[in-house]
Amino acid sequence: MKKYSRNRVNFKYAAFIVALTIMSACSNEFNQSDLSSGSTEPPMITSIADATENSTVQTGVLGNMYYIKGENLSTTTSIKYNGFDAGFNPTLVTDNTIISQIPLGAPYINASNKLTVETLYGVAEADFSLLTITGFDEGLVDGANAVTLNGGDFTDADQVLFVSGSEDDGNLVEREARIINKTASAITVEVPDGVIQAFIHVFVNGAIAQSTSYGFNYPIFTDELINGWELGGWDGAQELSTEVALGSTSIRRESLSWGGLTFVSNDMTEDLVIADYSAINFQIYPANSETIRVACALNDFDVQVELDLVPGEWNSFSIPLTDFYPPGTAPELITRIDFQEFSAGTAPFLFYVDQVGLIE
């Protein structure tokens, strides 16, 4: 299964974090004596709002900032999400508002779905579920290209969008995905037609969780060779096949010992600047028990990465380009990609390759 971790923060949210950091720098330790000037009445929570939009929500995304609004909050001593202590900065607390960040470690499924604020004079609770995307897997479901997003709590998810481009660049495209199945910890959707690269947005009770990049910023092979790349190899043969991870076509490769499959650029291929990309993604299906290892190389076999394979299933890989070339050693361009049989067993070796491309 292809796995991705959450690592993208939008510009607006990043700017908010910078501003918050500057504000927080003005305060050091929590000073208990500073609380004595606050209200002596029990606290109340009236609403919770996304801090970047100031829009009321019933669900929060792990790692994001929120306004906790209410009354008698200035003597706050603790903030907990589903029982998990969030900590807080007293300079960001007033009698009516607390600016709070949901910790990445807060439990988001099989939990009470409660936000709890404790002050010197009482405790207030509000219904508040949590949401995160920890990664996603790709595959076919009833013949359709599908993505299963993992994390949760997806119980109340009502919309999923594949979003590419941006309003600032004038090329924003939002494609709604059909929800195939959902549980608290996973939601499976059909990939909309026309998607090459996008970020997946899951909507739950006014909250929006965003995945890392789906697809490729630079595709090389999906259902066909793209961007002028050519296919070759040595000590074996390759052909197109309907044994696929996604789409309708893959590449079937049968090799002798140490034989290999080659993707090579030509004069029609635009320059592929290695510094513009972070990883190469692809899927390999070893079709016999002898095929247990393949080496992947970029440009030069001196920098290949060996991959252990599980026969009989699609093995998905996302290899950082720094695994091939440590910082400062990479060539300017990528011009060739090789998959060399490396099992050291008894030939023939048979594998399929699908969904080859680069991500930024």
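Treat the numbers as computed from the prediction; the structure is a model and nothing was measured.
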query: Would Thr134 and Thr132 satisfy side chain to side chain contact (heavy atoms under 4.5 Å, CB included), going step by step from the backbone distance to the final call?
result: CA-CA 6 Å; Thr134 58; Thr132 191; 4.1 Å; yes

task: In sequence, state the C-alpha distance, the side-chain angles, and the governing distance for Ile208 and Val202, and then conclude on side chain to side chain contact (heavy atoms under 4.5 Å, CB included).
output: CA-CA 6 Å; Ile208 306 171; Val202 179; over 6 Å; no

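Under the 30°/60° scheme for interplanar angles, the aromatic rings of Phe339 and Phe282 are found to stand perpendicular.
There is a side-chain donor-acceptor pair under 3.5 Å between Ser316 and Gln283. Donor-acceptor pairing under 3.5 Å is lacking for the side chains of Asn96 and Thr94. Checked by atom type, the side-chain pair Tyr81/Thr116 shows no donor-acceptor distance below 3.5 Å. Thr188 and Asn181 share no donor-acceptor pair across their side chains, judged by distance under 3.5 Å alone. Judged by distance alone, the side chains of Ser129 and Thr59 do bring a donor and an acceptor atom under 3.5 Å apart. No side-chain N or O of Arg252 forms a donor-acceptor pair with one of Ser250 less than 3.5 Å apart.
Evaluation of the side chain to side chain contact (heavy atoms under 4.5 Å, CB included) rule for Thr329 yields Tyr325, Pro326 as partners, not counting sequence neighbours. Asp338 meets the salt bridge (charged side-chain N to carboxylate O under 4.0 Å, His left out) test with Arg336; sequence neighbours excluded. With sequence neighbours excluded, the residues that form a salt bridge (charged side-chain N to carboxylate O under 4.0 Å, His left out) with Glu190 are Arg178. Looking at residues two or more places apart in sequence or on another chain, you find no side-chain hydrogen bond (donor to acceptor under 3.5 Å, both in side chains) involving Thr222. Shown here are the side chain to side chain contact (heavy atoms under 4.5 Å, CB included) partners of Glu270, two or more places apart in sequence or in another chain: Tyr218, Asn227.
Expressed to the nearest 0.5 Å, how far CZ of Phe162 lies from CD of Gln197 amounts to 11.0 Å. Once rounded to the nearest 0.5 Å, the distance linking CG of Asp235 with CD of Gln340 reads 9.0 Å. Asn145 CG to Leu246 CG: the interatomic distance, rounded to the nearest 0.5 Å, is 5.0 Å.
Aromatic pair Trp314/Tyr285: ring centres closer than 6.0 Å.
Sorted by first and then second residue, the pairs that involve residues 297-306 and meet salt bridge (Lys or Arg N to Asp or Glu O under 4.0 Å), not counting sequence neighbours, are Arg293-Glu306.
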